[in-house]
Protein chains: 2
Amino acid sequence: MQSCRFAFAVHVMAVLASEKSDCCPSSRLAQTVNTNPVVIRRLLIELQEAGLISTFRGPQGGAVLKRKPEKVTLREIHRAVHQGNIFGTHPHQPSQECPVGKRISQVMQRIQHRANRALERELERMTLADVLRDLRKG
Amino acid sequence: MQSCRFAFAVHVMAVLASEKSDCCPSSRLAQTVNTNPVVIRRLLIELQEAGLISTFRGPQGGAVLKRKPEKVTLREIHRAVHQGNIFGTHPHQPSQECPVGKRISQVMQRIQHRANRALERELERMTLADVLRDLRKG
DNA sequence: TGATTTGTAACAGAATTGGTTACTTTTAGC
DNA sequence: GCTAAAAGTAACCAATTCTGTTACAAATCA
């Protein structure tokens with residue numbers, strides 16, 4: 001992967017967490033992330049679908065956290081903006097003649113699963129509150 | 001990420017491990033992986049630089065494992081074909097005016113580091129010999 | 001009603017990726 | 001030495017993905 005969406009998402013969530021209770025419009029979030037408001041709004045939709053934030057239209061609209069920072073893990077943020085698998089799979093079916101080719105996909109799937117689990121386990125150990133603390137500590 | 005290079009690499013290493021002692025040309029590896037020999041040769045160069053295989057030119061040439069399968073971890077294979085980071089970073093520098101923007105990159109780097117470590121720790125627990133065993137078991 | 005904000009579609013430009021062709025270099029065996 | 005086989009390598013293509021951008025519709029508050 002080489003997508004900055006997770007970095008953007010953590011950034012946005014951290015801003016929302018530090019600006020308690022007030023709605024924050026995509027324009028302001030875009031400014032601190034240094035990107036376009038539409039990029040932020042696309043991200044907000046995913047965070048919303050994951051149940052992490054709410055958004056409101058109209059004047060004084062914007063985004064707010066739905067949960068306290070201590071209750072939001074980085075795993076949830078990651079899952080909101082990334083789909084499952086870390087590694088890619090064979091783009092074409094391997095040779096079914098070769099004993100390795102015949103079974104490699106199954107085996108890779110197990111490896112994939114273990115790797116995903118390990119990553120998620122680690123991300124689950126960090127919350128948005130931890131991020132806020134680290135931001136303050138420098 | 002969405003690259004199949006790790007899957008290709010594990011596949012290739014598994015074939016080399018099962019065809020003990022004989023050189024395996026890129027054309028044969030390409031057949032079982034179902035891709036082009038040049039794609040395989042590019043991969044072989046990376047595996048070679050990582051010290052996992054040797055290659056030989058000329059007739060009867062090809063690739064061979066340099067180590068026994070029990071001594072090759074999936075972490076080594078992964079590192080051979082992937083560079084470090086799981087997540088991408090902010091493409092443009094975040095706003096230095098915003099307290100979050102000013103420090104988020106540092107914090108993200110720590111998160112990145114922990115995630116990388118967790119992944120590598122898990123991949124280190126699996127060897128090429130384990131892959132061979134799983135391939136036989138089905 | 002008007003201003004503000006999200007939602008959304010469409011598209012552009014860049015980067016990455018796997019694949020392909022073609023050529024050079026090395027090497028084993030006759 | 002010649003020939004065939006193989007890796008190494010450069011150049012390019014097509015597809016995909018990603019961020020960024022413009023533009024507009026839909027909702028909502030004052």
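When reading the values below, keep in mind they use all heavy atoms of this one structure, side chains included, and skip hydrogens, waters and symmetry mates. Just so we're clear, the structure is a prediction, and the values are computed from it rather than from any experiment. Residue numbering restarts at 1 for every chain, and letters A, B, ... go by the order of the sequence lines.
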Without decimals, in angstroms, what is the distance between B:Glu46 CD and D:dG8 P?
12 Å
Polar side-chain contact B:Arg57-C:dT25 base: donor and acceptor under 3.5 Å
yes
Between B:Ser26 and D:dA7, is there a side-chain N or O to OP1/OP2 distance below 4.0 Å?
yes
Going by heavy atoms in the side chains, are A:Met13 and A:Ile53 under 4.5 Å from each other?
yes
Rounded to whole Å, CG of B:Asn34 lies from C1' of C:dG18 at a distance of 12 Å
What string of B, S and - do you get for nucleotides 13-19 of chain D 5' to 3' if you count protein non-hydrogen atoms under 4.0 Å?
------S
Spacing between B:Gln60 atom CD and D:dA7 atom P, to the nearest angstrom:
11 Å
To the nearest Å, how far apart are A:Asn36 CG and C:dT5 C1'?
14 Å
Hey, does the side chain of B:Thr55 come within less than 4.0 Å of D:dG8's phosphate (OP1/OP2), counting only N and O?
yes
Starting from P on C:dT6, measure out to CZ on A:Arg41 and report it in whole angstrom.
6 Å
Nearest-nucleotide check on DNA chain D, B:Leu44 vs A:Phe56; residue mapping nearer the 5' end is B:Leu44
Counting side-chain heavy atoms from C-beta on, which of D:dG20, C:dT20, C:dA3 comes nearest to A:Pro59?
C:dA3
Sort out for me which residue in B:Thr35, B:Val33, B:Ile40, B:Asn34 forms a side-chain contact (heavy atoms from CB on, under 4.5 Å) with B:His11.
B:Val33
Rounded to whole Å, please give me the gap between CZ in B:Arg28 and P in D:dA5.
15 Å
Measuring only between side-chain heavy atoms, which start at C-beta, is B:His78 closer than 4.5 Å to B:Leu119?
yes
Taking all heavy atoms of B:Gly88 and all of A:Ala7, pick out the closest pair and write down the distance.
O-CB, 3.8 Å
Answer yes or no: does atom CZ of A:Arg133 have more than 12 heavy-atom neighbours from other residues, nucleotides or ligands under 6.0 Å?
yes
Would you say that B:Arg121 contacts B:Arg125 through its side chain, given a criterion of any heavy-atom pair below 4.5 Å between the two side chains?
no
Parallel, tilted or perpendicular, judged at 30° and 60°: which one describes the rings of B:Phe87 and A:Phe6?
tilted
When rounded to whole Å, the CG to P distance for the pair B:Leu29 and D:dA6 reads 12 Å
Is the phosphate of C:dG7 approached by A:Gln48 (side-chain N or O, under 4.0 Å from OP1 or OP2)?
yes
Take the protein atom CD1 of A:Ile45 and the nucleotide atom C1' of C:dT6, then report the distance between them rounded to whole Å.
8 Å
